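Reading through the structure tokens given below for one structure.
Within every chain, numbering begins at 1; the chains are lettered A, B, ... in the order of the sequence lines, protein sequences first and strands thereafter. This one's a predicted model, so the numbers in the text were calculated from it and none came from an experiment.
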Amino acid sequence: MLHIYNTLSRREEPFETIEPGVVRMYVCGPTVYASSHIGHALSYIVFDVVRRYLEYKGFNVRHVQNFTDVDDKIINRSRELGIPWDELSARYSDEFLRDMDALNVKRAHEYPRASAVIEDIVADIARLIEMGNAYPLDGDVYFRVLSDPDYGKLSHRRLDEMNAGARVEVDERKEHPMDFALWKGAKPGEPAWDSPWGPGRPGWHIECTSMSTRSLGPQLDIHGGGNDLIFPHHENEIAQSEQLTGKAPFARYWMHNGWLLLNNEKMAKSEGNVLSIDNVVEKYGADAYRIFVLSSHYRRPLNFSEEAVVSAATVAERLATAVEGAEVGADTTAYAEDRAEFEAAMDDDFNTSRALAVLYRLATESNRLRSSEQDESGAASLLRELGSVLGLRLERWEVSAVGVEPFVDLLVQIRKELRGAKQFALADRVRDGLRELGVSVEDSPQGTKWRFER
RNA sequence: GGCGACGUGGCCAAGUGGUUAAGGCAGAGGUUUGCAAAACCUUGAUCAGCGGUUCGAAUCCGCUCGUCGCCUCCA
């Protein structure tokens, strides 16, 4: 049985859904004001694997992920660039989807946008005011944290222990320093929507409440996001949602991934130490980055290093080699133990590191059988199947070098004739020359194969 | 100040009370190869330090040292 670590209880809990067989999963999406980086990629790969594994287990997963497309950072950036905010957010949300496709992250079933649900948000805020959980203030609206007796239960902090204003100056007009904005009154020139409290835009946290309840109902099975979202974002979502719907828990399992570090420091735009997704995918390949991410447990912080990703790229090649040319969809019953071990690892709060060890063993097995001229298709098929649960494509890397293939084929054919004539010096010159051009040539009893090298 | 994560062989990383501490990368040796490449086989650690609990600890407790994160920008 699947067990998931729940941030709320700080324990692993057996996974039981609200509705049998159905998983309602909401993952916090990006604020689309700039390119996403490989830290974001880590998070979405983690939740992609969660989804894929749940689907493998037979659950009908309903996966919703929002785009935050109205907020201060977007407004600021659009001013800097002189581009309308909606154009800017559309540009980066499109780019985000392309990046996710490149990483083989399955698309969510729905991508609600904050700007498209303003009416719902206004209605929810009005209701919170009506119930006494929120109060208007000079065109803004704030959530009254003291109205939620459980406030702090996710992050396990108490209001009186928190160091309000540690990073941001406290607005003295608020009733309580931790009260947070549901609605922000617009300053001149800012994007604004009409509301009972004057023109403005939604605060950050309320959009997730409005969107998740509209898309998935008042209660979720899984709510996920990065570690840093625990406080305040998810804490505030819980407070709003549970007060609003009167139903608790808002989400049964709160999952949070650890942070990606670069040079042992948090990867963040403000630190200036970010690597772009397309850059890494192009250089190492999507499988390599996924293997790098999945080789450690998702809740642990992970340090990005050239060496670790290169190592993952080597592994990706090895796995791809092991399934290359093998019959697809062969009988895997002989490998039931390997499958069971993979499932046991994944059932243990998605222990992908252990799960990968099963794939490595299958790769070795497949290669060994093949080289001893036995049928490797069972091992290879299971490797493909379990690999796809981890979102691995297991394809050799190909350059879209349009039109050069016939020339390479010709050179390889000529080299074959030279070898046949024992003209090894010349044959090696061809091979070395091709390698310098990025083409590796491999001889085997079955013939000669060549491929582009990264 | 409050809350939390972590320190396992050169590198990455499982394992959280009990036979020989998974696995991968790199390195070394070997098989194969005209030579290579790919593949396969073999090969290394007593778990940051100190003290304690226990018949028994990497695994529990305490302290020390070190690293990282959160406390209204953030996946």
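- Atom CG of L390(A) is separated from atom P of G24(B) by 16 Å (rounded to the nearest Å).
- No engagement by R370(A) is indicated, since no non-hydrogen atom pair under 4.0 Å with the nucleic acid exists.
- Under the 6.0 Å cut-off for aromatic ring centres, F304(A) and F292(A) qualify, their centroids lying closer than that.
- If you check every strand for non-hydrogen atoms under 4.0 Å, R361(A) touches nothing.
- N303(A) and S305(A) share no donor-acceptor pair across their side chains, judged by distance under 3.5 Å alone.
- Here the shortest heavy-atom pairing between A330(A) and G378(A) reads CB-N, 4.1 Å.
- Remark: C3(B) base-pairs with G69(B). Criterion, Watson-Crick or G-U wobble with two distances under 3.5 Å.
- Within the shown strands, G10(B) is the pairing partner of C25(B) under the Watson-Crick or G-U definition, both distances less than 3.5 Å.
- Distance, F304(A) CZ to A13(B) C1': 17 Å, rounded to whole Å.
- Backbone-only engagement by T364(A) is indicated by non-hydrogen atom pairs under 4.0 Å involving sugar-phosphate atoms exclusively.
- Distance, L359(A) CG to A14(B) C1': 14 Å, rounded to whole Å.
- No donor-acceptor contact under 3.5 angstrom links the side chains of R113(A) and S89(A), judged on distance only.
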* E175(A)/L146(A) under side chain to side chain contact (heavy atoms under 4.5 Å, CB included): CA gap, chis, key distance, verdict -> CA-CA 9 Å; E175(A) 289 181 11; L146(A) 292 174; over 6 Å; no
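- For R157(A), counting side-chain heavy atoms from C-beta on, the closest listed nucleotide (G2(B), G15(B), A5(B)) is G2(B).
- Backbone-only contact: T321(A) has heavy atoms under 4.0 Å from sugar-phosphate atoms and none from a base.
- Using a 3.5 Å distance cut-off with no hydrogens or angles, the side chains of E341(A) and Y335(A) do not pair a donor with an acceptor.
- The residue D443(A) sits close to a base: some heavy atom pair falls under 4.0 Å.
- Residue N367(A) places at least one side-chain N or O closer than 4.0 Å to OP1 or OP2 of C40(B).
- Residue contacts for R429(A): at a heavy-atom cut-off of 4.0 Å it reaches no nucleic acid atom on any strand shown.
- Using a 4.0 Å heavy-atom cutoff across all strands shown, V441(A) reaches at least one base atom of the nucleic acid.
- Under 3.5 Å, the side chain of K266(A) and the base of C74(B) form at least one donor-acceptor pair of N or O atoms.
- Using a 4.0 Å heavy-atom criterion, one finds that F292(A) contacts no nucleic acid atom at all.
- In this structure, C35(B) forms no base pair with any nucleotide, since neither Watson-Crick nor G-U wobble geometry is met with both distances under 3.5 Å.
- Residue-level contact check: I230(A) touches neither bases nor backbone, having no heavy atom under 4.0 Å from any strand.
- Not a single donor-acceptor contact under 3.5 angstrom links the side-chain atoms of R354(A) to the base of G15(B).
- Both A425(A) and A308(A) lie near RNA chain B, and the one whose nearest nucleotide falls closer to the 5' end is A308(A).
- Using Watson-Crick or G-U wobble geometry with both donor-acceptor distances under 3.5 Å, C63(B) finds its partner in G49(B).
- In this structure, a donor-acceptor pair under 3.5 Å is absent between the side chains of R24(A) and S215(A).
- Residue whose closest nucleotide on RNA chain B sits further toward the 5' end, between G225(A) and S353(A): S353(A).
- Nucleotide G18(B) forms a Watson-Crick or G-U wobble pair with C55(B), both donor-acceptor distances falling under 3.5 Å.
- Counting non-hydrogen atoms under 4.0 angstrom, H256(A) reaches nothing in the nucleic acid.
- The nearest whole Å value for the distance from the CG atom in L362(A) to the P atom in G24(B) is 12 Å.
- Among the protein residues, F424(A) comes within range of the nucleic acid bases, having at least one heavy atom under 4.0 Å from a base atom.
- The separation between F350(A) atom CZ and G15(B) atom C1' is 20 Å, rounded to whole Å.
- One interatomic measurement links the two molecules: NZ of K153(A) to P of C70(B), which rounds to 24 Å at whole-angstrom precision.
- At least one side-chain nitrogen or oxygen of N351(A) sits closer than 4.0 Å to the OP1 or OP2 atom of G15(B).
- For the residue pair H109(A) and H63(A), no side-chain donor N or O sits within less than 3.5 Å of a side-chain acceptor on the partner.
- Base engagement by G39(A) is indicated by at least one non-hydrogen atom pair under 4.0 Å involving a base atom.
- For R368(A) and C41(B), the shortest distance from a side-chain N or O to OP1 or OP2 is below 4.0 Å.
- Side-chain nitrogen and oxygen atoms of W259(A) include none within less than 4.0 Å of the OP1 or OP2 phosphate oxygen of C70(B).
- For the pair R318(A) and C25(B), the criterion of a side-chain N or O lying under 4.0 Å from OP1 or OP2 is met.
- Nucleotide A75(B) holds its C1' atom 18 Å from the CZ atom of F231(A), rounded to whole Å.
- To the nearest angstrom, C1' of G69(B) lies 18 Å from NE2 of H233(A).
- OP1 or OP2 of A14(B) has at least one side-chain nitrogen or oxygen of R300(A) nearer than 4.0 Å.
- Here the side chain of T314(A) is nearest to one of C35(B), C71(B), C25(B), namely C25(B).
- Checked by distance alone, R431(A) brings a side-chain donor or acceptor within 3.5 Å of a matching partner on the base of A36(B).
- In the interface, the side chain of D428(A) is paired with the base of G34(B) through a donor and an acceptor atom under 3.5 Å apart.
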